[in-house]
Amino acid sequence: MEFQVKVLILSFIITVILSLIIIPILKKLKVGQIERDDGPESHLKKQGTPTMGGIIIAISIVIICIGLYYYYTHKTIEPQIAKNMIVLMLTSVGFGLIGFIDDFKKLVLRNTKGLRPMAKMIGLLIVAVVYTIFLSKVLGNGTDIYIPFVKTTITMPIWLYIPFAIFVMLAATNAINLTDGIDGLSSSVTTIILTCLTVIGIIFNLKEVTLFGSALSGACLGFLLFNLYPSKIMMGDTGSLLLGGAVSAMALYLKMPLLLLIIAIIPVLETLSVMIQVAHYKRTGNRIFKMAPLHHHFELSGWRENKVVSVFSIVTLVACIIGIFAI
């Protein structure tokens, strides 16, 4: 436990240092946020805020994980822990890379459409398929799924487990991407979720999960210093897809993807709000929410951004406590 805390603190420090270096560079390159014309009016003042900040989180965890890999392969007798942790890191960065390409096309090449939706989905699908096959076939993690509250596991046939796991990864990345719409919201909520998964890793003595989770939680906290309202940098798709990939990869590694329905309740509700809004509007021409995703509805209802972030973070914290008791 003490070692994991050191990893978290070191990751936090590295991320803060990287942020102080990279934010001015992004400003100089004019890699700024492009706000939607149909979004809340209060967001228009964010136009031009440096974005694509997910590269800071990505670089930080790559540095930490490489250091941990060297330590566990040269200083301990547990090299497999390091190898499995690297897989978690590569999977997360793989998702982040798809987001980076999208951000790069939109913000640097000034292609407002960014990566085509089909190309983006294919990229995410490839990363999800590779990780799922590695988990079930190479690592031999099995196809067991833990059922929260019932506190038992079921074994899924491999032909069902693989598409299920891929769906979980794609759904998680999309959900956390939708949550990234207010200063500090996605980073705050995701940090709590990651911490919960890390604690579960400690409970079940899965060191690769606890090490990776500690590194990523520290990176998120360091990034959050600059991402809270008023944000000095935004994570962009680079960060939100990376975090979504990390959350789903950790949950699947722990054999607890169903737990995400509890601990990731905010991203789940954000996704449902969009689905409900679109379906209801197509059917009736009317809207249920003032604006979707859900955080925009509360903004337009008079909540300040800080209040939305605080309330959503508290809800996530309570959900994570319930989730831990559910195992």
Side-chain angles (χ1 to χ4, degrees), residues 1 4-5 8 84-85 88 91-92 128 131-132 135-136 139 141-157 160-176 178-179 185-217 220-221 243-273 275-276 294-295 309-327:
M1 181 67 177
Q4 282 85 351
V5 172
L8 187 149
N84 294 344
M85 178 199 61
L88 289 169
T91 302
S92 304
Y131 177 74
T132 301
L135 200 61
S136 57
L139 188 61
N141 204 43
T143 60
D144 300 339
I145 299 295
Y146 191 85
I147 310 297
F149 296 111
V150 179
K151 300 188 177 183
T152 188
T153 59
I154 59 170
T155 301
M156 299 178 69
L160 180 60
Y161 174 82
I162 289 179
F164 169 76
I166 291 169
F167 171 78
V168 168
M169 301 196 82
L170 297 180
T173 51
N174 181 66
I176 291 179
L178 288 173
T179 307
L185 179 59
S186 185
S187 46
S188 297
V189 167
T190 309
T191 300
I192 297 170
I193 296 169
L194 288 169
T195 303
C196 178
L197 292 170
T198 303
V199 169
I200 294 171
I202 292 172
I203 293 172
F204 289 93
N205 195 32
L206 289 170
K207 291 183 180 179
E208 51 269 64
V209 173
T210 63
L211 289 169
F212 177 72
S214 298
L216 190 50
S217 295
C220 286
L221 288 172
L243 294 180
V247 166
S248 56
M250 290 173 69
L252 287 167
Y253 198 100
L254 290 165
K255 303 183 180 183
M256 297 184 183
L258 295 182
L259 193 66
L260 293 179
L261 294 173
I262 302 171
I263 66 175
I265 185 64
I266 291 298
V268 169
L269 292 177
E270 295 272 27
T271 304
L272 287 175
S273 70
M275 294 170 64
I276 292 169
L294 190 62
H295 54 263
V309 173
S310 298
V311 172
F312 280 29
S313 296
I314 291 170
V315 169
T316 302
L317 179 60
V318 172
C320 285
I321 293 171
I322 294 171
I324 290 174
F325 278 108
I327 65 171

field: Taking every non-hydrogen atom, the tightest pair across P148 and L258
entry: CD-CB, 4.0 Å
field: For the student: nearest non-hydrogen atoms of A165 and T132, plus distance
entry: CB-CG2, 3.6 Å
task: Find the distance between OG (S248) and CG (N174) and round it off to the nearest 0.5 Å.
output: 11.5 Å
All side-chain contact (heavy atoms from CB on, under 4.5 Å) counterparts of S136, not counting sequence neighbours: I158, Y161, I162
task: State the CG-OG1 distance between D144 and T153, to the nearest 0.5 angstrom.
output: 5.0 Å
- line: Rounded to the nearest 0.5 angstrom, the CD1-CG distance for I200 and L206 is 10.5 Å
message: I'd like to check P157 versus T143 (side-chain heavy atoms, cut-off strictly below 4.5 Å). Are they in contact?
response: no
- request: Under the side chain to side chain contact (heavy atoms under 4.5 Å, CB included) rule, what do L88 and L211 come out as? Steps first, then yes or no, please.
  value: CA-CA 10 Å; L88 289 169; L211 289 169; over 6 Å; no
message: Rounded to the nearest 0.5 Å, what separates atom CE in M85 from atom OG in S214?
response: 11.0 Å
task: With M256 as reference, evaluate I327, I147, I263 under the side-chain contact (heavy atoms from CB on, under 4.5 Å) test and give the passing residue.
output: I327
- request: Please step through side chain to side chain contact (heavy atoms under 4.5 Å, CB included) for the pair V209 and F204, ending with a clear verdict.
  value: CA-CA 10 Å; V209 173; F204 289 93; over 6 Å; no
- prompt: Any donor and acceptor pair, going by atom type alone, linking the side chain of K255 with main-chain N or O of N141 inside 3.5 Å?
  reply: yes
field: Separation between CG of L269 and OG1 of T316, rounded to the nearest 0.5 Å
entry: 9.0 Å
message: Just verifying a value: how many Å separate M156 CE and I145 CD1, rounded to the nearest 0.5 Å?
response: 6.0 Å
message: Could you check whether any side-chain N or O of E270 sits under 3.5 Å from a backbone N or O of H295, counting only pairs where one atom can act as donor and the other as acceptor?
response: yes
task: Find out whether Y146 and L254 are in side-chain contact, i.e. whether some heavy atom of one side chain is under 4.5 Å from a heavy atom of the other.
output: no
query: Which heavy atom in T190 sits nearest to a heavy atom in S186, and how many Å separate them?
result: OG1-O, 2.6 Å
message: Looking at A249, is its backbone amide N or carbonyl O close enough to the side chain of Y131 to form a donor-acceptor pair, meaning the two atoms are under 3.5 Å apart?
response: yes
field: Heavy-atom side-chain proximity of I193 to P267 below 4.5 angstrom
entry: yes
- request: Start with the C-alpha gap between C220 and L194, add the side-chain angles, then the distance that decides, and say whether side chain to side chain contact (heavy atoms under 4.5 Å, CB included) holds.
  value: CA-CA 9 Å; C220 286; L194 288 169; 3.9 Å; yes
message: Can you give me the closest heavy-atom contact between G244 and T173, atom names plus distance?
response: C-CG2, 3.6 Å
- request: Could you check N84 against K207 for side chain to side chain contact (heavy atoms under 4.5 Å, CB included), going step by step and ending with a plain yes or no?
  value: CA-CA 9 Å; N84 294 344; K207 291 183 180 179; over 6 Å; no
message: Atom CZ of residue position F167 - does it have more than 12 heavy atoms of other residues, nucleotides or ligands inside 6.0 Å?
response: no
message: Contact between I262 and L259 at the side-chain level, heavy atoms closer than 4.5 Å - yes or no?
response: yes
